[in-house]
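Starting from 1, each residue takes its place in the sequence as its number.
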Amino acid sequence: MTTAPSAPARLAGLDLFRGLTVACMVIVNTPGSWDHVWWPLDHAEWHGFTPTDLVFPAFLCAMGVALGLSFPRTVDGSAWTRIVRRSLLLIAIGWAWQMLARPGLADFRVFGVLPRLGLCYGLAATLAILTGWRDQHGKVHLGARALGIASIALLLGYWVLLSFVPVPGHASGDLSPAGNLAGYVDRIAVTTHHMYRYGTDEAGNIVYDPEGLLSTLPSLVNVILGMLAALLWKRDPARATMRILLAGIALAAIGYAWSFGFPLNKKLWTSSFALWTSGLSAILFAGCIAASRSAAVRTALWPLDVLGMNAILGYMLSLLLSLAALRTGFQLWAWNGLAALMPGNPLLASFLFALAVLLLVLALLIPLHRRGIHLRL
């Protein structure tokens with residue numbers, strides 16, 4: 001096995017990491033039947049953690065790494081314009097998807113995965129610029145200490161809000177679907193008509209949104225810690241992989257320890273969850289960097305490169321294909337066919353359908369990748 005130069009290894013490592021998260025996104029979002037999903041491929045019902053709960057936080061960390069690698073940078077009017085444009089485009093694409101999936105404004109969902117990506121990108125980029133320092137050439141560098149302090153403040157602040165600010169009719173510290181502050185803020189801000197329709201309590205009332213407004217604050221930490229991982233790399237590439245790995249282990253340990261007092265909860269994006277998933281993401285990222293140093297491994301994992309370099313497009317293609325299959329009846333037909341081929345194993349049949357969607361997305365992206373066509377917002 002040969003070793004690639006350090007800079008290409010870093011780029012390949014990031015693309016592998018991002019591609020891995022997109023591949024997992026497609027798998028968990030497009031099962032043949034939602035009634036037959038292996039537990040690792042489904043979210044925890046409320047408190048707790050499954051591998052699927054790591055997918056979105058890992059993508060946020062990857063976004064943070066890419067953002068961090070763009071520093072030092074010149075910050076002028078055009079830079080701010082690009083930040084605003086990219087943030088608004090991500091939100092707009094998310095809203096366009098909502099209108100396509102469920103036309104009409106009466107129950108239009110304001111929040112979602114892509115709107116959260118847009119908000120986190122805009123807020124993280126703004127924070128990085130405002131807390132950074134300028135060199136003699138006027139370029140802004142990341143301020144590691146300031147970003148670290150901001151992360152601690154966000155995590156502790158969110159913990160204080162959810163633990164000590166009561167929701168009317170509930171005791172302070174109530175982290176139930178109906179009693180938590182994050183869901184209450186969303187109900188006040190956008191009303192239940194514009195929240196996630198499956199974010200319900202035991203009575204079936206819509207009470208929370210997993211990508212809501214207040215819980216965006218701790219999810220921002222995943223992006224910030226991704227930026228700090230990029231800073232570790234840029235400062236000392238030779239030692240960065242091990243340092244990122246050790247930092248990831250430490251973050252995961254702290255997050256897990258905190259979970260005994262502030263439970264891991266993806267739908268609330270608790271502070272312990274933000275640290276736990278940031279740590280696991282760092283461990284995976286370090287592994288991807290190490291793997292990318294081998295030419296043989298990079299060749300074997302080339303499909304992940306394709307997905308990683310067209311992440312948003314790959315994700316959107318999977319949603320569109322899934323929606324088309326559902327509305328045309330193809331999904332039901334294919335699911336029935338797969339289930340008939342393997343009676344007694346509906347979980348495997350459901351997984352194979354999702355795998356087929358992933359392969360189709362990859363087949364659509366490969367020609368674009370070979371022509372150097374990559375979606376850049």
Side-chain angles (χ1 to χ4, degrees), residues 17-31 34 37 41-44 49-67 86-102 107-125 182-183 186 189-190 194-199 206 208-224 226 265-270 273-274 277-278 281 307-308 310-323 326 354 357-358 361 375 377:
F17 179 49
R18 192 160 43 196
L20 179 62
T21 63
V22 174
C24 292
M25 277 185 174
V26 176
I27 291 293
V28 302
N29 285 332
T30 59
W34 285 105
V37 178
L41 301 180
D42 200 3
H43 293 291
F49 179 80
T50 73
T52 294
D53 291 327
L54 178 60
V55 176
F56 190 23
F59 191 86
L60 287 173
C61 282
M63 184 171 71
V65 173
L67 180 58
R86 186 168 296 173
S87 300
L88 292 180
L89 277 174
L90 285 168
I91 294 171
I93 293 172
W95 285 351
W97 162 249
Q98 293 291 341
M99 289 297 293
L100 184 63
R102 300 191 69 193
D107 56 356
F108 174 79
R109 185 187 176 196
V110 175
F111 307 118
V113 170
L114 288 166
R116 171 159 287 185
L117 285 175
L119 284 174
C120 283
Y121 174 81
L123 291 171
D186 293 334
V190 300
H194 303 291
M195 292 166 58
Y196 183 56
R197 59 175 172 156
Y198 298 114
I206 297 175
Y208 73 89
D209 194 303
E211 282 81 43
L213 192 62
L214 188 60
S215 60
T216 299
L217 297 179
S219 68
L220 181 60
V221 174
N222 292 78
V223 184
I224 295 173
N265 189 310
K266 190 263 181 189
K267 293 170 182 176
L268 291 178
W269 213 286
T270 51
F273 177 81
T277 54
S278 293
S281 298
L307 290 168
N310 246 328
I312 296 298
L313 182 57
Y315 173 66
M316 288 306 304
L317 281 174
S318 72
L319 295 180
L320 293 171
L321 289 171
S322 179
L323 182 63
L326 181 65
V357 174
L358 175 61
V361 169
L375 178 64
L377 298 180

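Electrostatic pairing of Asp107 and Arg197 does not count as a salt bridge here, judged by no charged N lying under 4.0 Å from a carboxylate O.
Side-chain N or O atoms of Asp186 include none that pairs as donor or acceptor with a backbone N or O of Tyr208 at under 3.5 Å. Not a single donor-acceptor pair under 3.5 Å links the side chain of Thr21 to the backbone N or O of Ala58. Panel note: side chain Thr216, backbone Gly212; a donor-acceptor pair is recorded below 3.5 Å.
Not counting sequence neighbours, the partners of Asn265 by the side chain to side chain donor-acceptor pair (under 3.5 Å) test are His47. A search for side chain to side chain donor-acceptor pair (under 3.5 Å) contacts involving Arg86 returns Tyr121, not counting sequence neighbours.
Of all heavy-atom pairs between Arg18 and Ala311, the closest is CG-CB, 3.9 Å. Minimum interatomic distance between Val190 and Phe111 (heavy atoms only, all atoms of both residues): CG2-CE1, 3.7 Å. Residue Cys120 comes nearest to Leu220 through the heavy atom pair O-CD1, 3.6 Å, listed as atom of the first residue, atom of the second, then distance. In plain terms, the two heavy atoms of Gly122 and Ser87 that are nearest each other are CA-OG, 3.1 Å. Closest heavy-atom contact between Gly118 and Ile91: CA-CG1, 4.2 Å. Closest approach of Thr30 and Ser322 over heavy atoms only: CG2-CB, 3.8 Å.
Lys266 is not listed as a side-chain neighbour of Thr52, based on a closest heavy-atom distance of 4.5 Å or more. Using a 4.5 Å heavy-atom cutoff, the side chains of Asn29 and Val357 are not in contact. Using a 4.5 Å heavy-atom threshold, the side chains of Pro57 and Trp269 count as touching. Contact check for Leu358 versus Ile27: side-chain heavy atoms found under the 4.5 Å cut-off. Contact annotation: the side chain of Leu54 approaches that of Ser281 to within less than 4.5 Å [non-hydrogen atoms, C-beta and beyond]. Looking only at side-chain heavy atoms (C-beta outward), Leu100 and Leu320 come within less than 4.5 Å of each other. For the pair Ser318 and Met25, the minimum side-chain heavy-atom distance is 4.5 Å or more. For the pair Ser215 and Arg116, the minimum side-chain heavy-atom distance is below 4.5 Å.
Separating the CG atom in Asp53 from the CG atom in Asp42 is a distance of 8.5 Å, to the nearest 0.5 Å. To the nearest 0.5 Å, atoms CG (Leu323) and CZ (Arg102) are separated by 12.0 Å. Here Asp209 contributes atom CG and Leu214 contributes atom CG; the two are 12.0 Å apart, rounded to the nearest 0.5 Å. With rounding to the nearest 0.5 angstrom, the CG atom of Leu117 is 10.0 Å from the CD1 atom of Ile93. Between Leu307 atom CG and Leu313 atom CG the span is 10.0 Å, to the nearest 0.5 Å. Of the inter-residue distances, the one linking Ser219 atom OG with Glu211 atom CD reads 9.0 Å to the nearest 0.5 angstrom.
Judged purely by distance below 3.5 Å, without hydrogens or angles, the side chains of Asn222 and Thr277 pair a donor atom with an acceptor atom.
Centroid-to-centroid, the aromatic rings of Tyr315 and Trp97 stay 6.0 Å apart or farther.
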*Kindly indicate, with the supporting measurements, whether the criterion side chain to side chain contact (heavy atoms under 4.5 Å, CB included) is fulfilled by Leu114 and Ile312.*
CA-CA 9 Å; Leu114 288 166; Ile312 296 298; 4.2 Å; yes
